[in-house]
Amino acid sequence: MKATDLGLLRSWLEREFADAVGMSVAVSGSMARGDYRVAATGVVTSDLDLIPVIARAADVDLARAQLAPGLANLANRLEVACTAAITLMANYRQTPHAGYVTSMAQQPFVCDPLGLQQLPVPMPDTSPGRVLPWLVQPITYYLAKSGVSGHGQNLTKASLALRRLADDPLLASHALPEALSRELEVLQRPGISLNAQRSACVSALTMLVELCATELLPSSSEFLKRDAAAEPRDSTFLAVRNLTFLENQGLPFEQSAMRALPS
């Protein structure tokens, strides 16, 4: 898909899921935020990330049956990987600071049988104790993922999420320790090795967590515990991934996650 075709994306998605039953489908991720990757040829290389929302866990099988052909059609048409993270409605409504929610546009649903777009938006709690754990979550998730696949890409995502945390206004009243500032500077150096990038990211994250003095989500606590104990990176990622999906989607990874590639 060319970047110039993105204006047509919503209409394509609306047609693809026009007959959806029992689920509302929203667009999230980089294509919703507008920071998708584009090759020199003008072709979009980022994944298309969808959030299908269902009312209850018993609806997972029906949702997956409807999504499978739609994701395959979209992957072939757009020539990008298409993912879906099936999400319980309660989690979608109760986790306003989760990254997949904050990535959505103002009217994110391309089909909405559950009527989510018409529901009043609850006023989120914006206290540091509620917001900061969700800013830490993507850092630990991508650090864990970098240990098993896409090392450079996932470390870059972790580093960007770390920078967002450090720059968040909720931390504006805290003077960053000199050691933390040094680690953040290391992450900006061109040509930094993957090992040095990971080490600086973990070190800076540990210092920021101490600075925040807030209770982390289980997935982030699990990563830091396992990383400190130098546990195997593959088992660390599996544990962190499942906890992250339970926090975000309310479902285990195996029930929630779907992915289709161009054939």
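Here the side chains of M23 and V53 are not in contact, with every heavy-atom distance at 4.5 Å or above. Counting heavy atoms from C-beta on, the side chains of D49 and V27 never come closer than 4.5 Å. In this structure, the side chains of L116 and M89 come closer than 4.5 Å at one or more pairs of heavy atoms. Using a 4.5 Å cut-off on side-chain heavy atoms (C-beta onward), L9 and L78 make contact. Annotation: side chain of T95 is in contact with side chain of W134 (closest heavy-atom distance under 4.5 Å). Proximity of V136 to L162: side-chain heavy atoms (C-beta onward) are nowhere separated by under 4.5 Å. T45 has its side chain out of reach of V80: every pair of non-hydrogen atoms, C-beta onward, lies at least 4.5 Å apart. A heavy-atom distance below 4.5 Å is not found between the side chains of K145 and K157.
Under the 3.5 Å distance criterion, the side-chain polar atoms of T102 are left unmatched by any main-chain donor or acceptor of H97. Between the side chain of S24 and the backbone N or O of L114, at least one donor-acceptor pair lies under 3.5 Å. Counting only distance, with no hydrogens or angles, the side chain of S11 and the backbone of L8 share a donor-acceptor pair below 3.5 Å. Remark: the backbone N or O of P252 is not paired with any side-chain donor or acceptor of N242 at under 3.5 angstrom.
Shown here for R64 and E254, the closest heavy-atom pair between the two residues is NH1-O, 3.5 Å. Here the closest heavy-atom approach between residue E183 and residue M207 is recorded as CG-CE, 3.6 Å. The minimum heavy-atom distance between E16 and P69, with the atom names listed, is OE2-O, 4.5 Å. In terms of heavy atoms, A84 sits closest to L67 at CB-CD1, 4.4 Å. Of all heavy-atom pairs spanning P52 and A85, the tightest one is CD-O, 3.4 Å. Nearest heavy atoms, A200 versus L187: CB-CD2, 3.8 Å.
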Exercise for the section: Could you walk me through whether Q137 and S220 pass the side chain to side chain donor-acceptor pair (under 3.5 Å) test, one step at a time? Expected result: CA-CA 6 Å; Q137 188 205 55; S220 297; over 6 Å; no
Exercise for the section: Mind running side chain to side chain donor-acceptor pair (under 3.5 Å) on R33 and S103 for me, showing each step along the way? Expected result: CA-CA 6 Å; R33 293 190 304 269; S103 290; 2.9 Å; yes
Problem - CA sep, side-chain torsions, deciding dist, call: D125, S127, side chain to side chain donor-acceptor pair (under 3.5 Å) - result: CA-CA 6 Å; D125 180 351; S127 62; 2.9 Å; yes
Handout entry: D5 and R77: CA distance, side-chain angles, deciding distance, salt bridge (charged side-chain N to carboxylate O under 4.0 Å, His left out) verdict
Key = CA-CA 11 Å; D5 294 330; R77 179 170 193 168; over 6 Å; no
Exercise for the section: Give the C-alpha distance, both sets of side-chain angles, the deciding distance and a yes or no for side chain to side chain contact (heavy atoms under 4.5 Å, CB included) between M258 and L71. Expected result: CA-CA 8 Å; M258 300 182 69; L71 289 176; 3.8 Å; yes
Practice task
May I have the step-by-step check of side chain to side chain contact (heavy atoms under 4.5 Å, CB included) for L170 and T126, ending in yes or no?
Solution key: CA-CA 9 Å; L170 289 172; T126 57; over 6 Å; no
Handout entry: side chain to side chain contact (heavy atoms under 4.5 Å, CB included) between K2 and V44, worked out
Key = CA-CA 6 Å; K2 293 278 190 178; V44 174; over 6 Å; no
Exercise for the section: Run the numbers on N76 and S263 for side chain to side chain donor-acceptor pair (under 3.5 Å), then give the verdict. Expected result: CA-CA 6 Å; N76 288 327; S263 58; 2.9 Å; yes
Practice task
Check the pair L171 / C212 against side chain to side chain contact (heavy atoms under 4.5 Å, CB included), numbers first and verdict last.
Solution key: CA-CA 7 Å; L171 292 179; C212 294; 3.8 Å; yes
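With 3.5 Å as the limit, one finds no donor-acceptor pair spanning the side chains of T236 and E231. Between the side chains of T87 and Q249, at least one donor N or O sits under 3.5 Å from an acceptor N or O.
Put simply, the residue from Q197, Q188, R164 that forms a side-chain hydrogen bond (donor to acceptor under 3.5 Å, both in side chains) with S159 is Q197. For the pairing with S146, the side-chain contact (heavy atoms from CB on, under 4.5 Å) check across T156, N154, L194 returns one residue only, N154.
Under a hydrophobic clustering in which Ile, Leu, Val, Met, Phe, Trp and Tyr are joined whenever their side-chain heavy atoms come within less than 4.5 Å, directly or via other members, V60 and L246 fall into different clusters. Under the 4.5 Å side-chain contact rule for hydrophobic residues, L243 and L224 do not share a cluster. There is no path of hydrophobic side-chain contacts, each under 4.5 Å, that joins L88 to F109. Neither V110 nor V21 shares a network with the other; the hydrophobic side chains, linked directly or stepwise wherever heavy atoms of I, L, V, M, F, W or Y lie under 4.5 Å apart, form separate groups for each. By the criterion of side-chain heavy atoms lying less than 4.5 angstrom apart, applied directly or through intervening Ile, Leu, Val, Met, Phe, Trp or Tyr residues, F223 is grouped together with L211 in one hydrophobic cluster.
Here the OG1 atom belonging to T140 is positioned 10.5 Å from the CD atom belonging to E222, to the nearest 0.5 angstrom. To the nearest 0.5 Å, atom CG of residue L180 and atom CD of residue E210 are 10.0 Å apart. In this structure, CG on D35 lies 7.5 Å from OG on S46, to the nearest 0.5 angstrom. A distance of 6.0 Å separates OG in S256 from CD1 in I86, rounded to the nearest 0.5 Å. Here C201 contributes atom SG and L155 contributes atom CG; the two are 7.0 Å apart, rounded to the nearest 0.5 Å. Distance check, rounded to the nearest 0.5 Å: CG of D227 to CZ of R233 gives 7.0 Å.
Under a 4.0 Å N-O distance rule, the pair R56/D59 qualifies as a salt bridge. Comment: D167 engages R163 in a salt bridge, judged by a side-chain N to carboxylate O separation of less than 4.0 angstrom. Using a 4.0 Å cut-off between charged side-chain N and carboxylate O, E185 and R182 make no salt bridge. We find that R259 and D47 are joined by a salt bridge, their nearest charged nitrogen and carboxylate oxygen being less than 4.0 Å apart.
By the neighbour-count criterion of 12 heavy atoms within 6.0 Å, atom CD of E14 is densely surrounded, having more than that number from other residues, nucleotides or ligands. The 12-atom threshold is exceeded at CZ of R10, counting heavy atoms of other residues, nucleotides or ligands nearer than 6.0 Å. Around the CD atom of E215, the shell of radius 6.0 Å holds no more than 12 heavy atoms that belong to other residues, nucleotides or ligands.
The hydrophobic side chain of V43 is isolated, with no ILVMFWY side chain under 4.5 Å apart from it.
Relative ring orientation between Y100 and Y92 is described as tilted, the plane-to-plane angle lying within the 30° to 60° band. Between F237 and Y141, the ring planes lie tilted relative to each other; the angle falls in the 30° to 60° range.
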